[in-house]
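Heads up, the thing below is written out as structure tokens.
The analysis underlying the following values was restricted to heavy atoms, covering all of them including side chains, and did not include hydrogens, waters or symmetry mates.
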Amino acid sequence: MLNLLIAILFFLLTVKSVSFWVYLWQLKEYRFDRFFAEYREFSKLIRLWFGTGGRKFWRPVLTNKAIGIFLFSIVIIQLFAFVLPTRTDIARTSILAYLLAPLFVSLIVFLFKIPTFFIKKFIYNRAALKIRGMKNLLVIGITGSYGK
């Protein structure tokens, strides 16, 4: 019974942690270079890892990509936590799954890069075709970032 209560508690903590990590990846536009530019220092990354957002519940903007990453991460983590253990160590495995949640989310973000690349390419090609179809289109370039 105690093992089950610990597993439920760590499931809820894992949902909170995954939500925070999806939020963080979304802030960095799912780009590894932006993520590691800010969290390059090991001590900063460790504090972030174990803090997982503090007491606040960080919720990402609900886009299709964020929802997909969140759901796939939860499914993978729960498969890890509940399929792997025997009945006696479900609590230990749940704690381990909670601690490894940032790695699972990062893996899912990495896997989502493949379909995202092709979807972006498809959208860019459709936009290029549409622009080529407009014969009298006047294109104006605005430089600088002030006032945009």
- prompt: Got Leu138 and Asn136 here, is their nearest side-chain heavy-atom distance under 4.5 Å?
  reply: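 With C-beta onward as the side chain, the pair stays apart.
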- prompt: Given side chains that start at C-beta, do those of Ser19 and Phe70 come closer than 4.5 Å, heavy atoms only?
  reply: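 Answer yes - side chains close enough.
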query: Counting distance only, does the side-chain N/O of Gln26 pair as donor-acceptor with the main-chain N or O of Ala66 below 3.5 Å?
result: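 A pair under 3.5 Å: no.
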- request: Enter the distance from Tyr30:OH to Ile108:CD1 here, rounded to the nearest 0.5 Å.
  value: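 Taking OH in Tyr30 and CD1 in Ile108, the distance rounds to 13.0 Å.
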message: Rounded to the nearest 0.5 Å, what separates atom CD1 in Ile76 from atom CG in Leu107?
response: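 Going from the CD1 atom of Ile76 to the CG atom of Leu107 covers 7.5 Å.
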Quick one: do [X] and [Y] end up in the same hydrophobic cluster if we chain Ile, Leu, Val, Met, Phe, Trp and Tyr together by side-chain heavy atoms under 4.5 Å apart?
{"X": "Leu27", "Y": "Val109", "answer": "yes"}
{"X": "Ile69", "Y": "Ile114", "answer": "no"}
{"X": "Ile140", "Y": "Leu137", "answer": "no"}
{"X": "Val61", "Y": "Phe20", "answer": "no"}
{"X": "Leu71", "Y": "Val15", "answer": "yes"}

task: For Phe35 and Leu24, work out which heavy atoms get closest and say how close.
output: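 That closest heavy-atom pairing would be CE1-CD2, 3.6 Å.
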Nearest non-hydrogen partners of Ile74 and Thr14, listed with the distance: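 Shortest heavy-atom separation between Ile74 and Thr14 comes out as CD1-O, 4.4 Å.
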- prompt: Taking only residues at least two apart or on different chains, which pairs with a member in residues 111-127 satisfy salt bridge (charged side-chain N to carboxylate O under 4.0 Å, His left out)?
  reply: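 Qualifying pairs: none.
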Pairs meeting criterion salt bridge (charged side-chain N to carboxylate O under 4.0 Å, His left out) with involvement of residues 21-31, two or more places apart: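 Those involving residues 21-31 are Lys28-Glu38, Glu29-Arg34, Arg31-Asp33.
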query: Other than Leu129, which residues form its hydrophobic cluster under the rule that side-chain heavy atoms must be closer than 4.5 Å?
result: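 Members other than Leu129 - counting any ILVMFWY side chain reachable under 4.5 Å - there are none.
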message: Filter on ring pair (Phe, Tyr, Trp, His ring centres under 6.0 Å), then keep only pairs touching residues 105-141, sequence neighbours left out; what's left?
response: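 Counting only pairs at least two positions apart or across chains, the ring pair (Phe, Tyr, Trp, His ring centres under 6.0 Å) contacts touching residues 105-141 are Phe72-Phe112.
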message: Going by the rule ring-ring contact (aromatic ring centres under 6.0 Å, His included), which residues pair with Tyr23 if we only count those two or more places apart in sequence or in a different chain?
response: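 ring-ring contact (aromatic ring centres under 6.0 Å, His included) check on Tyr23 returns Trp58.
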side-chain hydrogen bond (donor to acceptor under 3.5 Å, both in side chains): pairs with one or both residues in residues 99-111, sequence neighbours excluded: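 The answer is Trp25-Ser106.
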message: One pair to check against side chain to side chain contact (heavy atoms under 4.5 Å, CB included): Leu103 and Leu100. What are the steps and the verdict?
response: CA-CA 5 Å; Leu103 290 178; Leu100 294 177; 3.9 Å; yes
- prompt: More than 12 non-hydrogen atoms from neighbouring residues, nucleotides or ligands closer than 6.0 Å to CG on Asn125, yes or no?
  reply: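 Above 12, so yes.
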